[in-house]
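Keep in mind that the numbers below use all heavy atoms, side chains included, and drop hydrogens, waters and symmetry copies. All chains are named by letter (A, B, ...) in the order of the sequence lines, taking the proteins before the strands, and each is independently numbered beginning at 1.
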2 protein chains.
Amino acid sequence: MTSQQDLLDTLAQVARALGNGHRLALLERLAQGDAAVETLAVTTGLTVGNASQHLQQLRRAGLVTATRAGKQMIYRLTDERIVSLMGLMRQVAESNLAEMERLVGRLFAEDDAGGSLEAVSRHELLAGLESGKVVLLDVRPTDEFESGHLPEAINIPLAQLEEMLDRLPHDREIIAYCRGPYCALSHEAVQRLRQLGYRVRRFEEGYPEWKAAGLPVT
Amino acid sequence: MTSQQDLLDTLAQVARALGNGHRLALLERLAQGDAAVETLAVTTGLTVGNASQHLQQLRRAGLVTATRAGKQMIYRLTDERIVSLMGLMRQVAESNLAEMERLVGRLFAEDDAGGSLEAVSRHELLAGLESGKVVLLDVRPTDEFESGHLPEAINIPLAQLEEMLDRLPHDREIIAYCRGPYCALSHEAVQRLRQLGYRVRRFEEGYPEWKAAGLPVT
DNA sequence: CTGTCATTCTATGAAGTGATAGAATGATGG
DNA sequence: CCATCATTCTATCACTTCATAGAATGACAG
């Protein structure tokens with residue numbers, strides 16, 4: 001009877017490790033690929049010291065592991081399932097919390113004035129790639145692209161979008177993706193490319209979800 | 001950019017709601033069936049006041065809903081997926097946390113002296129039921145059994161096990177189940193029934209997992 | 001419309017969490 | 001073996017969470 005509750009308490013520790021926005025941001029970044037503390041601190045906007053502390057907590061909860069590489073500590077997710085776990089939590093939150101719906105709405109509302117910006121589902125994307133009729137565009141920073149991306153994706157970081165337009169065809173539909181459903185990069189890219197006359201839509205998921213689903217990555 | 005972090009903060013609230021052993025216990029009890037505050041307080045060993053507070057938090061996180069029924073407030077899980085969420089968290093914790101492994105080991109070790117107590121998988125159970133060669137035994141308290149159980153299960157609450165033995169056949173294999181993988185009831189039942197000469201094994205999951213998988217319940 | 005029962009609210013103190021700054025550690029390159 | 005860089009550890013303060021006890025609310029039965 002007592003060890004029953006001990007188990008739940010231990011499980012609760014894991015949940016508590018997930019119970020902080022900054023730590024979730026760290027996990028989301030780690031889902032893009034392994035990274036050192038400073039990289040993680042920069043992309044999440046934390047100080048190095050603070051990021052380190054949060055990473056310790058994630059480590060104690062068994063969610064990340066760290067290995068030393070020279071002066072740096074490289075952190076990685078222990079488990080592909082952590083991506084699924086966050087995804088499931090997201091789904092539950094989205095369908096049960098009004099606040100969540102409001103925030104998601106706000107994220108998507110800005111650019112949906114023109115309508116017809118529905119995101120492309122995984123199924124639809126697979127079909128499009130199969131048929132060869134679409135071009136896949138990865139708008140994440142180059143380092144994230146290089147540590148893993150969808151097959152045959154072209155990488156144009158959002159910051160260099162206008163400079164590298166020559167790599168995009170005008171005559172095929174473009175599907176843009178980035179870090180995940182809450183990542184703003186692909187939204188932004190779609191908006192800007194549409195203004196330039198491209199036929200482009202957004203993939204509703206991102207690289208981590210694709211990988212966690214067991215689909216091929218490069 | 002900012003609403004990106006707001007989303008993660010909101011998501012973190014949900015995780016924080018899961019980040020307490022007592023609240024997980026409440027959710028596990030609710031996975032057995034809807035219940036009033038006092039029932040929940042009794043089965044989790046909390047005072048009514050404290051249970052009520054925890055339930056408020058779960059409600060704010062969108063994990064449970066409450067409806068009034070006369071003097072009582074009946075709480076229920078908002079979503080079948082919450083069972084999956086806890087299950088996934090459990091899996092991640094079990095494979096990445098040494099402490100978790102230790103506790104699970106302890107829960108199972110006591111009665112495994114004789115060996116051969118491997119639990120029955122869902123697949124195996126389905127096959128056994130199909131063939132009609134096994135009898136399914138639900139050892140949870142009657143009120144939980146009545147708010148839902150596996151098809152064709154016989155209910156003998158653990159407390160009345162010896163009194164109601166006449167309902168169990170000697171010539172067929174018995175498969176016992178209870179609230180879930182961490183629930184001790186079916187372990188205990190298996191141990192005691194074996195001593196009495198029954199051929200009996202434990203189902204490795206419980207009622208909530210069965211139901212969450214979309215399998216038929218009564 | 002009063003008493004009772006189930007539940008929620010409020011106030012309190014103890015314990016835990018999060019951010020900051022600065023000291024300490026560990027690896028590396030001269 | 002000293003200087004540097006990346007990271008972790010430590011101490012501190014503000015803030016949140018948890019359990020408890022007792023008051024307040026809301027529904028119902030007489």
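By the 30° and 60° cut-offs, the orientation of the rings of B/H54 relative to B/H22 is tilted.
A donor atom on one side chain and an acceptor atom on the other are not found under 3.5 Å apart for A/R29 and A/T39. A/D34 and A/Y75 are not linked by any side-chain donor-acceptor pair at a separation below 3.5 angstrom, with hydrogens and angles left out of the test. Side-chain contact check for B/Q56 and B/R59: at least one donor-acceptor pair (N or O, by modelled atom type) lies under 3.5 Å.
Look at CG on B/N50: it is 15 Å from P on D/dT17, rounded to the nearest Å. The NE2-P distance, from B/H22 to D/dT17, rounds to 16 Å in whole Å. The nearest whole Å value for the distance from the CD atom in A/Q13 to the P atom in C/dG16 is 12 Å. Between the CD atom of A/E38 and the C1' atom of D/dT4 there is a distance of 14 Å, rounded to whole Å.
Each of A/I74 and B/K71 lies near DNA chain D, and the nucleotide nearest A/I74 is the one positioned closer to the 5' end. Along DNA chain D, the nucleotide nearest A/A51 and the nucleotide nearest B/L46 are compared for position; the residue whose nucleotide lies closer to the 5' end is A/A51.
Here A/Q57 reaches the OP1 or OP2 of C/dG18: one of its side-chain N or O atoms lies under 4.0 Å away. At least one side-chain nitrogen or oxygen of A/H54 sits closer than 4.0 Å to the OP1 or OP2 atom of C/dA19.
In this structure, A/Q56 reaches the sugar-phosphate backbone alone: every heavy-atom distance under 4.0 Å involves primed, P, OP1 or OP2 atoms, never a base.
Residue A/Q53 places no side-chain atom within donor-acceptor reach of the base of C/dT17, judged by atom type and a 3.5 Å distance cut-off alone.
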